[in-house]
Amino acid sequence: MKILYSPPSPYSAKVRMAAKFAGIDAEGVPTDTIAAPANLIDNNPLGKIPTLITDEGQAVYDSRAIMQFLDRTGAKRLYPRNAAKRTEAEVLEALCDGICDCLLAIMYEHRFRPEEKVHQGWIDKQWTKVERGLDHLEANLPRSTKALNGGHLALAALTGYLALRFPGKWERGRPKLKRWSAKFAASFPDLETLRPRQ
Ligand SMILES: N[C@@H](CCC(=O)N[C@@H](CS)C(=O)NCC(=O)O)C(=O)O
């Protein structure tokens with residue numbers, strides 16, 4: 001099994017941590033989406049990472065479909081069996097991924113638009129969503145990281161991405177979120193190596 005990814009990508013970090021946690025042997029294939037290589041485009045018309053390719057050649061994307069696939073495939077489950085708890089984990093994942101969507105929209109606005117066309121109003125709108133989302137997380141953090149699930153892994157990916165791309169911009173007033181991130185790093189050193197990095 002292969003996972004096309006890039007080291008800073010938060011969604012890639014989430015699924016690679018999930019594969020490792022679930023005991024699935026997946027080879028990480030560093031992939032430059034801007035270059036749009038054939039092994040990416042031929043497997044995912046959207047040209048996005050992460051894209052998982054099974055040993056049989058089936059492509060699975062996006063990251064949430066990959067998480068569900070890994071949950072069905074691995075030795076360890078990624079989502080609670082209890083329906084209410086599972087919904088909770090899935091919503092936490094959706095929130096963390098959604099915050100990443102806003103952060104990426106901000107990054108892309110700067111990266112892919114000529115400077116005179118960068119739309120500050122759009123960036124501000126995305127950042128408002130980020131702030132609301134992070135405040136919600138600060139007030140509703142999962143209690144423990146002992147029994148990891150897909151929601152926790154999405155949160156670890158999000159906080160890793162914030163630390164990488166937005167240092168000094170998200171921590172103030174959110175001590176619990178910062179502590180949660182540090183505790184994750186200390187508790188799961190093997191997963192920590194897969195969090196977003198340059
Ligand atoms: N909803 C998707 C988002 C994936 C995504 O946007 N990945 C980024 C990298 S972090 C990407 O591939 N960007 C290149 C592009 O949009 O062309 C998922 O959860 O997998």
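Atoms within a ligand are numbered from 1 in the order they appear, just like the ligands themselves. The shown structure was predicted, so the numbers you read here are calculated from the model rather than taken from an experiment. FYI, the numbering just counts along the sequence from 1.
In terms of protein heavy atoms, atom 17 (O) of ligand 1 is closest to Gly47 O, 4.0 Å. Of the protein's non-hydrogen atoms, the one nearest atom 20 (O) of ligand 1 is Ser63 N, 2.8 Å. The protein atom (non-hydrogen) at minimum distance from atom 1 (N) of ligand 1 is Asp62 OD2, 3.0 Å. Protein heavy atom in closest approach to atom 16 (O) of ligand 1: Lys48 CE, 3.6 Å.
Only side-chain heavy atoms of Leu104 come within less than 4.0 Å of ligand 1; its backbone N, CA, C and O stay farther off.
Close to ligand 1: Tyr108, with a non-hydrogen atom less than 4.0 angstrom away.
For the 3.5 Å distance criterion, the side chains of Gln126 and Trp122 fail to qualify, holding no donor opposite an acceptor.
Remark: Glu27 CD to Leu4 CG distance equals 9.5 Å, nearest 0.5 Å. Between Arg111 atom CZ and Ile34 atom CD1 the span is 6.0 Å, to the nearest 0.5 Å. Taking CG of Leu134 as the reference point, atom SG of Cys102 lies at 9.5 Å (rounded to 0.5 Å).
Taking the six-membered ring for Trp and the full ring otherwise, Trp170 and Tyr161 have centroids separated by 6.0 Å or more.
Counting heavy atoms only, Ile49 comes closest to atom 5 (C) of ligand 1 of the residues Leu40, Thr33, Ile49.
At least one cation-pi condition fails for Lys48 and Tyr61: the charged atom is not both under 6.0 angstrom from the six-membered ring centre and inside a 45 degree cone around its axis.
Near Pro50, the atoms of ligand 1 lying under 4.0 angstrom from a non-hydrogen atom of the residue are 20 (O).
Residues Ile106 and Leu158 share a single hydrophobic cluster, defined by chaining ILVMFWY side chains whose heavy atoms lie under 4.5 Å apart.
Backbone and side-chain nitrogen or oxygen atoms of Ser9 are examined, and none is located within less than 3.5 angstrom of a nitrogen or oxygen of ligand 1.
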